[in-house]
Student: 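Quick one: this structure, given as structure tokens, is what I'll be asking you about.
Proteins get letters first, then strands, A, B, ... in listed order; numbering begins at 1 in each. Worth saying up front: this structure is predicted, and the values here are computed from it rather than measured.
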Amino acid sequence: MPGRQLEKIYDPTQVEERWYRFWTEKGYFHATVDRPGAPYSIVIPPPNITGSLHLGHALNNTLQDILIRWRRMQGRNTLWMPGTDHAGIATQNVVERQLLAEGTSREVLGREAFVKRVWDWKAQSGGSILQQLKRLGASCDWDRLRFTMDEGLSQAVREVFVRLHEDGLIYRGERLINWCPRCLTALSDIEVEHEETKGKLYHIEYPLADDPKTRLVVATTRPETMLGDTAVAVHPEDPRYNHLIGKKVRLPLTSRDIPIIGDPILVDREFGTGAVKITPGHDFNDFEAGERHNLPRIAILNQRAQMDASGLHDAQVDPSLNLTLKPVHQARALMVDALRERGFLAKVEDHKMSLGKCYRCKTVVEPYLSPQWFVKIKPLAEPAIKAVEDGRIRLIPEGWVNNYLGWMRDIKDWCISRQIWWGHQIPAWYCRSCNEDAIIEAAPNSFTMTSDAKPVVARTAPAHCPDCSASDFIRDPDVLDTWFSSALWPFSTLGWPEQTPELKTYYPTSTLVTGLDILFFWVARMIMMGLKFTGNVPFRDVYIHALVRDAEGQKMSKSKGNVMDPLSVMEKYGTDALRFTLAAMASPGRDVKLAEERIEGYRNFANKIWNAARFILMNLDGPREAAPPKDRSFADRWILSRLNRTIRDVNASLEAYRFDQASSQIYHFIWHEYCDWYLELVKPSFQSKDSADAKRTRQTLVESFETLQRLLHPVMPFITEEIWQTLPHEGDSLVIQRYPVPIPEWNAKDIEAEFAVLEQFVTTVRTGRAQLNYQPGKVLALYGATSRGEQLTTLRHLLPFIEHLSRGSVKLAAVETWPTDKVLRLPVEGMTVGLVVEGEVDLEKVLSRLQKQSEEKEQEIQRLEAKLHNVEFTSKAPAEVIREHGDRLRILQQDSRLLVGSGQQLRSMMQSRKE
RNA sequence: GGGCGGAUAGCUCAGCCGGGAGAGCGCUGCCCUUACAAGGCAGAGGUCACAGGUUCGAUCCCUGUUCCGCCUACCA
């Protein structure tokens, strides 16, 4: 049964697509509730439909796929639920840009046509990331693909909204919210990115109304908003100012007088001048201060962050300033000039401050006063805190727990309404006749509702008004924050609110794999919603992985030009190499710095495996015999024992989400034990094709290598399937084979100890070879000696292997019987290895190395002796440590004596050569 | 401002419930030895950031310092 010949170099492009198609055609990734095995489920963090695969996705999905493939092979009933997220703002932006290029706009199209246009776009190009996930090998159940705007998920959204509203956890009200003047929508607090920037602190003089020569100086970073000031605050206990409380100042550049008030919360006496202007319409703190003191609010900016005509009028601003419709930064410059000219500007100093920007478009965000929908979050947060505190949900690594708890305990109400068209429209309707004054038709067919409007919240459009029974309604134009629907993802994708078999089987899901960046956006909200609506946690484990950075540790971004495209990486090095790299670098709590050389290194690893497979297939031509492990050869027993250890380690690592450990354990085993030693040890047994050893070793080769393919498959699915299919095997695909578990009969501690002796001997011969500058192929005359009985037995027993790996003939005899004039002696762990010295050899070099070694050993001996002579140590250290120190010392002393002898003997050799 | 994490070989990192300092990549030397030059063999390279403390003993535990990340916060 000669297997098919493999090419000399592994070519992933020949392999990957073929097997992925095979797997999906066979339906291996499809989950059914009646499948045996304990359920294991993961919901994918749904990528944006606007997105294309970047390395963060690649890492995230590689780790999920490793878990899913591993659990599937363990016989669990696995489900990996895939899907995409409608990404309201981002998607709307993309389509609006297209419209702009076509010379039109969403306003021209109208809402209905625009939304249809977005669906068209989604149908065309919204799914490309899914194809890329397949390319990565993701074993998702594609038959269950979900989208946050699917009818089923939309129904879940409406259901949740209505129930939260019924429970009083959703309300509508006029608040100061974060507003993006480019996207023209509200944002939640966490959608604002704060960035440290260099700004200015302007000191502005406000003359007292009844005594214009006396001026109160306030400090501000935003002089343009002073036009909306409705008070100035000082600290009530500040002797510099408190006598002014109750008086008024004339607001510069306006004809308004505003009061001076005392407020100990807002005012920090140490900062600036100790006097603060209060602009309740444009600053969150000022808004609260305004609430405390019943101050009027004047909005001087419109929704595009331009100076607003009616706002300027209300604020009684000097019209000659010509500010109308000037954007913020221009208005600021004009204001500063005007203040300076008219003598109100005391001074300007540099000032560090943080600026809020829209996380989607990086535009500076404005606090904006408008009616919005909010989720009252505290009652939802409390159970979510408890679930993590009591361990029903584990965060891994657990260092993030405090982060999570801290954020949750301090959580603020969640603004969920967005003034865009793409998304789940809020299920709230306004009766026209009851809200006549509250409904404003801003443009034809475009309405806004004041905060006084009374909505009817319902699952479907109401037929009659509960108050006046009229039937003319206008639906709330706002849509919900995209994260509102993603918060339901773990159960909405499984059919909720229906109690589907899927929901019963796969919920709570087992593990969530995600990046830190969406811990609050997504994970926290899923926990809150899951607990609220299913009474159960949405997942047991949350594995939080790091960010992928470039080789210099910089965040990858298009503007920096340091992005690495995973698709071209897969093209160049193969998908398995990329996956292995990401897994190997996924150390907990540390960012992944990705350099291309690493990927190349693991590409080489794939090739190493490939060539091991070639070797095995070449030698499989002949009978095989499945003898019990203990009856097999030394090499066979050794590799099975080592493989067993690796199986144990890898399983333990995966259980602990230590993808890095699992990968390096497999890497080390395959390359440095299996290939470097085992395959070399085994070569001689094939010299006589039909020997018992050959038969059994063939069997061991197949067993061990087949097991290795199973062990590695979750990380490198493609090459392992390709190799597995060429090896003798049972079954249709590696995907559905059982994951390796340790086999007790494979353990052979004694054999491993024997191997250590062999390895030391052989390595020492090789070192000697290198020192004597012998060709690797040169067959040597070698000697071996040891005074330790068990070592001698092992050496005798393993002589054929040792001779093969040392490329020489080894005489085991007492050192005294070796020829003194032509043998280099090298000690190792109590043994002495002898190499015959022939030809032109630089013995000086050899000697100096011996001397250096000798010194190192001597140092170590002295250190150990000092320790063992120290009574404090011997009386207080554990017996085991003392014994171990003693053992080590004895071996060192032995080696040291041998080294000295070896050096003397070498010197006399050199002497006799000279003569 | 607060919190968290990091500082170990040229680079990227592992290790550490305290007892001989490791890997990968890179580097040096020899070798195209029929599985693999995307390879083999051998090797060089580290006062484990700094200063104290606890201990018989500290890379590891504690305290402080410096530097670097990240998260978070309304200091106008």
Student: Who are the side-chain contact (heavy atoms from CB on, under 4.5 Å) partners of A:Val828, not counting sequence neighbours?
Tutor: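 Here the qualifying residues are A:Gln760, A:Thr764, A:Met831, A:Val833.
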
Student: Who pairs with A:Phe520 by side-chain contact (heavy atoms from CB on, under 4.5 Å), at least two apart in sequence or on another chain?
Tutor: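 Here the qualifying residues are A:Ile190, A:Asn403, A:Trp407.
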
Student: Under 3.5 Å between N/O atoms: give me all the protein pairs with nucleotides 17-20 of chain B, atom names plus distance.
Tutor:
unit_1	atom_1	unit_2	atom_2	d
B:G20	O4'	A:Arg888	NH1	3.3
B:G20	O2'	A:Glu860	OE2	3.1
B:G20	N9	A:Arg888	NH1	3.4
B:G20	N3	A:Arg888	NH1	3.3

Student: Using the 3.5 Å cut-off, write out each protein N or O paired with an N or O of nucleotides 43-47 of chain B and the distance between them.
Tutor:
unit_1	atom_1	unit_2	atom_2	d
B:G43	OP1	A:Thr767	OG1	3.4

Student: Give the nucleotide from the list B:C25, B:A35, B:G39 with an atom nearest to the side chain of A:Glu597.
Tutor: B:C25

Student: Please map the stems of RNA chain B, keeping only stretches of three or more Watson-Crick or G-U wobble pairs with both distances under 3.5 angstrom.
Tutor: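 For RNA chain B the paired stretches long enough to count as stems (3 pairs minimum) are B:1-7 with B:66-72, B:10-13 with B:22-25, B:27-31 with B:39-43, B:49-53 with B:61-65.
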
Student: In chain order, what residues pass the side-chain hydrogen bond (donor to acceptor under 3.5 Å, both in side chains) check against A:Ser806, with sequence neighbours excluded?
Tutor: none

Student: My understanding is that only residues two or more places apart in sequence, or in another chain, count here; which of them pass salt bridge (Lys or Arg N to Asp or Glu O under 4.0 Å) with A:Glu884?
Tutor: A:Arg888

Student: Taking only the P atom of each, what is the distance from B:G18 to B:C75 in whole angstrom?
Tutor: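 B:G18 and B:C75 have their P atoms separated by 42 Å.
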
Student: According to salt bridge (Lys or Arg N to Asp or Glu O under 4.0 Å), who are the partners of A:Glu838, at least two apart in sequence or on a separate chain?
Tutor: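 Only A:Lys778 meet the salt bridge (Lys or Arg N to Asp or Glu O under 4.0 Å) criterion with A:Glu838.
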
Student: List the residues meeting side-chain contact (heavy atoms from CB on, under 4.5 Å) with A:Asn285, not counting sequence neighbours, and say none if there are none.
Tutor: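 Scan of A:Asn285 (side-chain contact (heavy atoms from CB on, under 4.5 Å), adjacent residues dropped) gives A:Leu266, A:Asp283.
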
Student: Tell me, please, which residues at least two apart from A:Asp189 pass side-chain hydrogen bond (donor to acceptor under 3.5 Å, both in side chains).
Tutor: A:Asn178

Student: Work out how far the P atom of B:G20 is from that of B:G24, and round it to whole angstrom.
Tutor: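 The answer is 23 Å between these two P atoms.
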
Student: Which residues satisfy the salt bridge (Lys or Arg N to Asp or Glu O under 4.0 Å) test with A:Arg332, sequence neighbours excluded?
Tutor: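 Salt bridge (Lys or Arg N to Asp or Glu O under 4.0 Å) check on A:Arg332 returns A:Glu224.
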
Student: Only counting residues at least two apart or in another chain, list the ones meeting salt bridge (Lys or Arg N to Asp or Glu O under 4.0 Å) with A:Lys867.
Tutor: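 Not a single residue meets the salt bridge (Lys or Arg N to Asp or Glu O under 4.0 Å) criterion with A:Lys867.
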
